[in-house]
Structures are given as structure tokens and as C-alpha cells.
Amino acid sequence: MVGRLPRSGTPWDHAILVPVETVWGVHGLADGHSTANADRLGPPFDLDYFPGTPAIMVRAESLAATYGLRSEFNADPGMMAFFPGTVLAQLYAIMGDVRQAMSILALVSQALVAASVLLGLFILSRLIRRQMAVLRALGAPMRFIFAVVWCYGTTLLLAGAALGLGVGYGAAAGLSRLITAQTNISVVASIGWSEIYLVAAFISLASLAALLPAAAALRQPVIDGLRA
């Protein structure tokens, strides 16, 4: 049977699958079939013409029998038996630990970014100190000055969050294409609800923090602001 399998997005897309009889023939071994069944491919094999195999998959009828088979095979120094599920569980555990570490790193970085944003808002409030003083001298109410400073900072936060989300998605898409090209494993970047929740939480907390620079702008003397 010759043909092309549907694309799976895995390294198997670049593999050439051949019958095991072909592998044995390349190494000059018997193909597992007698002369009468020379055209047969696959099992059942004739034990007299069976060259051997490096690995087999065994499925027992019960869990206890499975552990018994593993103990029996491991008793032979030339054999090794293992459970694929156990190996995968260990791999998933390692990946889970890496994911947890990356999550903690992301939270720490978000805290540093929030502190930087708060410091930037204080600096911006100092830069527009003269304009706020002029508005107060013209009779603008305190709540208006407070709203202007807070809305200004919140607008910058929204624009920065949207820009950061777009740049992050573009970078993730580029890296996913690079990983796909290097490993032949299909990696697709997407924005999920976890990213949206993270951005929403960051905007909410940073908007609350923006109240501090707005309140600080009201405590500045008008005369000092006009002279700034």
C-alpha cells in the first residue's frame, strides 16, 4: 500500500513509513515469512523465519498482571520493561513545574511593570503641573482636575495594554513559526481567556493606582505650579 497520510502537525509528517519486512531485508535478515508466504506483509510471522525484534508492546488483562509482566521482564539483564503512561506522567509533571515557575515569573514581572507605571504617572503629573495650576487658577473644580489627571493616566494604560497585547501576540506567532520550522511540530499561538483576564486585572489594578497621582496633583500649591 502506497500513499500519503493526512497532515498531523507532528514530526511524522516528514517520516517515510515502510513495512518491518523492508527493514529486515536491508540488514540481510529473513523477512519473517516462509517461502510459501513470501508476498505477505505483517503478522502472523513464521517463528522459523522470524529474525527478532528490539521492542514489543504487551497489554495484560489486569493491572496486577501488568506489574507482574514488568517484574518478570526486568529480572532479565538483557531486557527492560516500562509503562509508557508513567514516563508521560513524569514528563507532564516536569512541564507543569515549568509552567508554574513561568506563571510566578509573569506575576513578578507584572508587579514590576505596575510599579514602573505608577512611577511614570507621578512623573507625568509633574510634567503637566503648570497646566493643572492654570486650570485651578481659572476656577476649575477640584473634581475636574482629579478626573483629568486620572483619565489621562488611564488612557495611557489602556493604550499600552492594547499595544502590549498586540506586540506579544505578534512575537508569540513569530516564535511559534520558528519552533514549527525547527522541530516540525505544529505550534499555534493564540490569545486565550487567561491572557485576557491577566490584561483586565492589570488594567484594573493600575487604574486604581492611577488615583494616587491624581490625588497628589490636587495637593500641589497653585502658585508653585504657575511658577514651574
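Reckoned from all heavy atoms, side chains included, excluding hydrogens, waters and symmetry mates. The shown structure was predicted, so the numbers you read here are calculated from the model rather than taken from an experiment. We number each residue from 1, following the sequence as shown.
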When you measure from the side chain of W150 to the backbone N and O of P213, does any donor-acceptor pair fall under 3.5 Å? no
Would F45 and W24 count as a close aromatic pair, with their ring centres under 6.0 Å? yes
Between L5 and V18, is there shared hydrophobic-cluster membership here, with clusters defined by ILVMFWY side-chain heavy atoms closer than 4.5 Å? no
Gap separating the SG atom of C151 from the CG atom of L156, nearest 0.5 angstrom: 11.0 Å
May I ask you to decide if A200's main-chain N or O and S204's side chain share a donor-acceptor pair within less than 3.5 Å? yes
Pair Y152-T155, side chain to side chain contact (heavy atoms under 4.5 Å, CB included): steps then yes or no: CA-CA 5 Å; Y152 181 69; T155 301; 5.9 Å; no
Smallest separation among heavy atoms of G32 and P51, with atom names: N-CD, 4.2 Å
Taking atom CZ of F50 as the centre, report whether more than 12 heavy atoms of other residues, nucleotides or ligands fall under 6.0 Å from it. yes
V26 reachable from L29 in the ILVMFWY side-chain graph, under 4.5 Å edges: no
Would L165 and I196 count as a side chain to side chain contact (heavy atoms under 4.5 Å, CB included) here? Give the steps. CA-CA 9 Å; L165 191 63; I196 296 177; 5.5 Å; no
So CG of L157 and CG of L205: to nearest 0.5 Å the spacing works out to 11.0 Å
Given the rule that I, L, V, M, F, W and Y join up when any side-chain heavy atoms are under 4.5 Å apart, are M142 and L211 in one cluster? yes
Do Y169 and L158 belong to the same hydrophobic cluster, where Ile, Leu, Val, Met, Phe, Trp and Tyr are linked whenever their side-chain heavy atoms lie under 4.5 Å apart, directly or via other members? yes
Cluster check V199, V167: I/L/V/M/F/W/Y, side chain < 4.5 angstrom: no
Could you tell me whether the side chain of I203 reaches within less than 4.5 Å of the side chain of T154, counting heavy atoms only? no
